[in-house]
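Following: one structure in structure tokens, then a few remarks.
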Amino acid sequence: MDLNLKGRVAVVTGGGKGVGAGISRVLAAEGVRVMISCNANATMAEEHAASLRATGAEVEVFRADVKDRRQVDAMMRRTAEAFGGIDILVDNAAWQPNYDIDEYTGERYDEIMQTNLGGYFRCLQSALPYLKKSIAGRVIMVSSVHGKRPNDFDVGYSMTKGGVKMLVREAALELARYGITVNAVVPGGVQIEFKSGFHQLPKVKHRPVTRDYGIWPLQRNCMPDDVGNLVAFLASEAAGYITGTGLRIDGGTMLL
Amino acid sequence: MTTTRRTALVTDASTLAAEAVAERLERDGLAVIRNYPDGLPETCRNREGRCSYRTDDLEQVRAMSRWAAEKGYAVRALVHSDNVLLRASVEEIAEEDFFACVDRNAKSAFMATKVFAEEIAQAGGGSVVYLSSVHGEKPTGVSFAYSVGKGAVKMLCREMSLFYGRKGVRCNLVEMDATIETVEQLDSAIVPFNYELERKVPLGRATRPADFAGAVAFLISDDAAQINGADLLVDGGHLRWYLDR
């Protein structure tokens, strides 16, 4: 694709692994200069960044915990210093520990809220002064089908994604005056190298989880680059009149 | 309506809607505990069934549970009714205010469910109703933290309808529209949705607190025995103007 994104600047939180790696890979391939944020997996992020630089992409890595406002602010400052501004924020860094409600302590609840919901809000607010200066600011939040359909294995995760749905809608209305669009991509399952957490995924506790792709409409799983392609489209001028929406990317599986 | 004799806990009885629910449930024959997280009003002191515990703190909710047991209440219905709106923008809100608002609306629902839905399940079953808002789907334009909290509560309800549904606890959600009493809080230059509220509601009048009370009473009653995981919109049809539900 050539989405006319060359030279624009993106921050991709959690952009060094999993879905985030697919997003940063596609954006870099489009000529976007990418700041990849990471927290626990700095080595993976550096390796991923090196692989992108090998293709000629302009990529930096910044270690920041999205739960920490000072670290987030420092990341946005560094991005603007390195690349001259911020045009695209991709809120992606999230935690899915797979606890049922009886396994959530007060501390665990706060942890997931501060990461998945607080992190998205914090990064948005911190990036906003830079996005306002962009000719076409874009905010894309990676949500989940579990912002609408329960998952039956992690109530906290679903709650955060239900919150993200509303954060997108509210921010889209509020920030439209600055020409900033705010949208969500809403993946189902994505085939990634691993997920962080304390249980193996999926935790087959209450119901069977199928991995029989033969019965899935497109007969394959979603790949990180599939999500990256959608994010790149939403970041482009072609998506300039799309705001406040959530685009499901699940290969039709949620229709089954 | 064939409601059996049970105790209902109303987690924040300080609003007109929640008080209307409490009064209706009493008329239906339930004992009602009214909690006031922000402090017991003077008029409630020394009145039966009144208490004041923070709902966004797990230990406080557990303390409320112990208090209820000591007083001889057997909670069989939980009505989560914490609805606190904070007018503040994404751009300007202080981070601690954002979390205070989200916690008051969503964490309180989570903690009340964690403690009381489990108790209800162990007692043989019952009902949870989240007295929530249309703003779990529709943006306000003035209080994004409130909407974020209500979006989270909506997913809490759906997850709990699975988790506790298997344990005999039905979990449902009432989506409250603005009332004459609350519409000023939602006044927004960005979202003039509630402008001329009465004209825009197909039934020709704004929704009243008693309308929510009827919905909650129904969802708690045995007449709703097979209703679980539902979002019941109580708005007179107002949200038919809104697409994205």
Side-chain angles (χ1 to χ4, degrees), chain A residues 69 72 100-107 109-110 113-114 116-118 120-122 124-126 128-129 132 139 143-144 146-178 180 182 205-207 244-246, chain B residues 56-62 89-96 98-99 102-103 105-107 109-111 113-115 117-118 121 135-166 188 190-191 229 243-245:
Chain A
R69 182 58 184 249
V72 168
D100 282 320
I101 190 166
D102 54 354
E103 298 167 308
Y104 265 104
T105 60
E107 292 74 22
Y109 176 90
D110 288 340
M113 283 289 159
Q114 284 284 340
N116 295 15
L117 202 49
Y120 278 29
F121 157 70
R122 206 171 280 117
L124 170 59
Q125 199 178 50
S126 181
L128 202 46
K132 283 165 69 175
V139 178
S143 188
S144 164
H146 300 308
K148 185 163 188 173
R149 197 200 79 164
N151 58 42
D152 209 10
F153 52 74
D154 192 332
V155 54
Y157 183 81
S158 294
M159 287 179 73
T160 62
K161 295 307 182 185
V164 166
K165 174 191 72 181
M166 292 313 300
L167 179 57
V168 165
R169 293 178 184 179
E170 293 276 11
L173 291 178
E174 184 182 324
L175 304 181
R177 76 186 93 165
Y178 303 123
I180 298 169
V182 185
K205 191 171 181 180
H206 308 299
R207 63 182 170 83
T245 197
Chain B
D56 57 1
D57 180 286
L58 182 56
E59 291 313 311
Q60 283 275 300
V61 177
R62 284 179 172 148
S89 66
V90 172
E91 191 170 3
E92 294 176 349
I93 194 171
E95 197 171 304
E96 56 268 31
F98 169 74
F99 279 107
V102 173
D103 283 354
N105 288 288
K107 188 176 182 180
F110 183 92
M111 295 308 169
T113 304
K114 182 174 172 66
V115 173
E118 186 59 34
H135 298 297
E137 291 286 352
K138 182 161 190 343
T140 62
V142 294
S143 180
F144 82 101
Y146 178 73
S147 302
V148 166
K150 292 309 173 191
V153 171
K154 191 160 206 173
M155 286 314 302
L156 173 66
C157 179
R158 290 180 183 181
E159 292 287 358
M160 293 302 94
S161 70
L162 302 181
F163 186 82
Y164 278 114
R166 297 186 188 94
S188 165
I190 299 174
V191 182
L243 176 69
D244 214 354
R245 291 191 79 251

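To find a chain, count down the sequence lines: A is the first, B the second, and so on, and within it residues start at 1.
- The residue among B:Glu137, B:Glu92, B:Lys138, B:Lys150 with the most heavy atom pairs within less than 4.5 Å of chain A is B:Glu137.
- In this structure, chain B has a heavy atom under 4.5 Å from the side chain of A:Tyr178, while its backbone stays farther away.
- Under the 3.5 Å distance criterion, with hydrogens and angles disregarded, no donor-acceptor pair is assigned to the side chains of B:Tyr146 and A:Glu170.
- If you measure heavy-atom distances from A:Tyr104 to chain B, the contacts under 4.5 Å come from both the backbone and the side chain.
- With a 4.5 Å cut-off on side-chain heavy atoms, A:Phe121 and B:Val148 do not count as touching.
- Looking at B:Thr140, both its backbone and its side chain come within 4.5 Å of chain A, counting heavy atoms on both sides.
- Using a 4.0 Å cut-off between charged nitrogen and carboxylate oxygen, A:Asp100 and B:Lys114 do not count as a salt-bridge pair.
- Both the backbone and the side chain of B:Glu95 have a heavy atom closer than 4.5 Å to some heavy atom of chain A.
- Side chain of A:Glu174 to main chain of B:Val90: a donor-acceptor pair is present (N/O by atom type, distance under 3.5 Å, no hydrogens or angles).
- Counting heavy-atom pairs closer than 4.5 Å to chain A, the top residue among B:Ala152, B:Gly229, B:Ser147, B:Gly151 is B:Ala152.
- A:Leu173 touches chain B through backbone and side chain together, each having a heavy atom under 4.5 Å away.
- Here the rule is side chain to side chain contact (heavy atoms under 4.5 Å, CB included) with B:Arg158, and of A:Lys148, A:Met159, A:Arg149 only A:Lys148 fits it.
- Residues B:Glu159 and A:Phe153 share a closest heavy-atom pair of OE1-N, 4.4 Å.
- Between A:Asp110 and B:Phe99 the shortest side-chain heavy-atom distance does not fall below 4.5 Å.
- Contacts between B:Phe110 and chain A at a heavy-atom distance below 4.5 Å involve backbone atoms as well as side-chain atoms.
- Of the atoms belonging to B:Leu58, it is side-chain heavy atoms, and not backbone ones, that fall under 4.5 Å from chain A.
- Residue A:Lys132 touches chain B through its side chain alone, counting heavy-atom pairs closer than 4.5 Å.
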